[in-house]
Amino acid sequence: MDWLIIGLVIGLGVWALTAWTRSHKLHLVWYEWVLIAVAVVFVLLAYQNYTATLAELEPQAAPFMLIAFGAPALVCAVAAGYLVWRKQQPVSLVPKS
Amino acid sequence: MLDHLTRREFLKDLGLFGVGVTLAPAAVTELSEMQDWDRETTPGAARPAWVKEVDKPTMEINWEQMQRYDERNSSRTGFAKYVGQDRVTELTKIQNDTLAKWLKEGKPGYSLRDVALQAASGSGSGAQSFLGPTDTATPEKRGVPKWTGTPEDASRIVTAAMRHLGAATVGFIQLDTNTTEKLIYSFDPDGKEMQIADVDQPAEDDKKRVIPKKARWVITYTVQMSEETLKRAPTILGAQTTNLTYTRNRNIQLRLQTFLKSLGYMALGEATTNALGIAPAFAVMAGLGEESRLNRLVTPEHGPMVRTFKLITDLPLAPTKPINAGIMEFCKYCKTCAEVCPSKALSMDTEPTWQVRGGWNNPGHKAFFEDSTKCRTYWYQIGTNCGTCFAVCPFAGKDKALVHQFTKALVAGVPVFDGALKSMRDMAYGVPHADGTAIKDPDTWWKLDLPEYGIDTTRGHTNV
């Protein structure tokens, strides 16, 4: 049941993200989408390994799983966000003398 | 956001939504099913792709040097030979006094409920014998010919039967006079000579057991122990999962003998505990796992959390090959069992050696030989078999978290990461104590909701 809900959340998320980029006239290039996809996969892995490690009765290892898989997710998400943000900044046409 | 949504965009978004719903579970949970994609339907153990079949085991063997071992020289049967009878008497007194004291104190793992469970675990099994039951309805008695089929068919039906009867993994060996036949004991633990002779039928009297030369096939199998329970080692509570597994095997062996005899074949089993031949050696040769630093079998599915058994038959079977899952290689870097061993019996050498440490070892293979007398002495001191090495082995874990599959695949395929993986494991799970303290609190075991026998019988099998 957990995974059905996660699937629904991800589906909604993907739809919301594409709708948001469209409404804000943001054009994401392919590698930005790849970074976002990788971030999502790592979030899923963090969730799965965290909850499964608790189910394995090894609570001391669960936070490590969260960090080990969550950190790459955060890095990829921040990288994608930064790349998108940077593209939105105005570019000065007059070179500084 | 929805102001300018066109029909085309709506349908595109619907498609993306569907992709998300289906891929999210697939991305994570279904990854564990990918191991089945190239699994062949071969007899014996079915394995994930990262477990490679090999022609020679990962442990080097010098078959010319190896001789059939006299089991009376093992530390289990021949302990007094190595430490002296006076010392055994002294240790027995220490054991009895310690157990009585801890029972009265209600020490966790040694209290009355733990001792009661140990007594229960050791009871309720059928008779164990070399020749097997004598009252089986053979095909002859039923008026039909004996079962025949290809060796592959035979291996398949024996595997199916054994899983049904309680075995975890099953493998097969064809005996060769110059090699695997040497894994049969020269003398059984009870002192009877194990003869291999050109006779038509097996036999047994008070001096010997006779294995017909035509009985060329060995069925070797594992029976799971409860990993969660053995993590309460070294206590009676932790150790009784070992007892229970041996008790279960007496029934499994009896039923396997009945099955084979009902098919029309002989079934020569262990006459007593750990009799007939070197169980881990047969299991390694059949690919159930690899030899390890703790000198027992470590399997890809259950780590060391198994006991290993064997039986000889004249039913032609398709042999299963040794495997390489990177386990023996990982042992070189890990050393956790040796570091934590309370009696310091296990080897801390990085590389295995040909040099044995005493008569309890069997020369002719390269291993991390242990000082078994230190190990067994410690058993007397704590009043029960220890098992700490099993409990702390990194391969002794459950399989729910996906990281385990990734790690095992890395261990099998890229040994250069072994040291880093070991360090990460220590960071995640903590480093066990080296003072004989149980990894997990024995008292908490009684509050768990474990499956039957405390084991996961679905692991490593597809049709569940």
Side-chain angles (χ1 to χ4, degrees), chain A residues 1-28 30 33-34 36-73 76, chain B residues 1-6 8-32 226-229 231-232 394 396-407 424-432 439-441 444-445 447-450 454 456:
Chain A
M1 188 64 185
D2 281 8
W3 291 107
L4 178 62
I5 294 169
I6 289 170
L8 285 168
V9 167
I10 289 179
L12 271 169
V14 167
W15 171 74
L17 182 63
T18 49
W20 182 81
T21 55
R22 199 178 303 126
S23 66
H24 284 73
K25 294 184 176 29
L26 294 173
H27 175 63
L28 269 61
W30 68 268
W33 285 113
V34 167
I36 292 168
V38 169
V40 168
V41 168
F42 270 106
V43 165
L44 291 174
L45 284 171
Y47 173 78
Q48 197 279 337
N49 282 288
Y50 177 80
T51 54
T53 302
L54 288 176
E56 287 178 356
L57 304 174
E58 303 286 351
Q60 76 284 8
F64 180 88
M65 299 298 170
L66 214 49
I67 294 167
F69 291 100
C76 289
Chain B
M1 214 159 64
L2 297 175
D3 291 351
H4 303 288
L5 185 66
T6 63
R8 182 191 160 100
E9 284 165 353
F10 173 73
L11 286 171
K12 210 160 74 165
D13 290 348
L14 206 59
L16 283 170
F17 178 75
V19 164
V21 170
T22 48
L23 276 189
V28 183
T29 60
E30 296 304 317
L31 277 173
S32 64
S226 170
E227 171 249 337
E228 191 59 34
T229 308
K231 281 192 155 57
R232 271 76 185 172
K398 302 181 187 71
D399 247 4
K400 290 183 185 301
L402 269 183
V403 69
H404 301 307
Q405 293 299 319
F406 294 144
T407 310
M424 284 168 65
R425 189 185 192 278
D426 288 346
M427 248 191 294
Y429 290 88
V431 179
I439 295 176
K440 292 194 177 186
D441 179 3
T444 58
W445 183 89
K447 297 173 188 145
L448 295 174
D449 181 19
L450 292 173
D456 179 2

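Model, not experiment: these values are computed from the prediction. In what follows, every chain begins at residue 1, and chains take the letters A, B, ... in the order their sequences are listed.
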Without swapping roles, check the side chain of Gln48(A) against the backbone of Leu402(B) for a donor-acceptor pair under 3.5 Å. yes
Between chain B and each of Glu58(A), Met65(A), His24(A), count heavy-atom pairs under 4.5 Å; write down the option with the most. Glu58(A)
Contacting region of Tyr47(A) [heavy-atom separation from chain B under 4.5 Å]: neither
Chain A contacts, top residue of Lys398(B), His404(B), Glu228(B) (heavy-atom pairs, under 4.5 Å): Lys398(B)
Is atom CZ of Phe64(A) surrounded by more than 12 heavy atoms (other residues, nucleotides or ligands) closer than 6.0 Å? yes
Looking at Arg425(B), Met424(B), Lys440(B), Glu227(B), which one has more heavy-atom pairs under 4.5 Å with chain A than the rest? Lys440(B)
Any side-chain heavy atom of Leu45(A) within less than 4.5 Å of one from Phe406(B)? yes
By salt bridge (Lys or Arg N to Asp or Glu O under 4.0 Å), which residues pair with Asp426(B), not counting sequence neighbours? Lys422(B)
Counting heavy-atom pairs under 4.5 Å with chain A, which one of Thr444(B), Val403(B), Leu448(B), Asp399(B) comes out on top? Val403(B)
Considering all heavy atoms, the nearest Ala55(A)-Lys400(B) contact: CB-CD, 3.7 Å
Less than 4.5 Å apart, any side-chain heavy atom of Leu57(A) and any of Lys231(B)? no
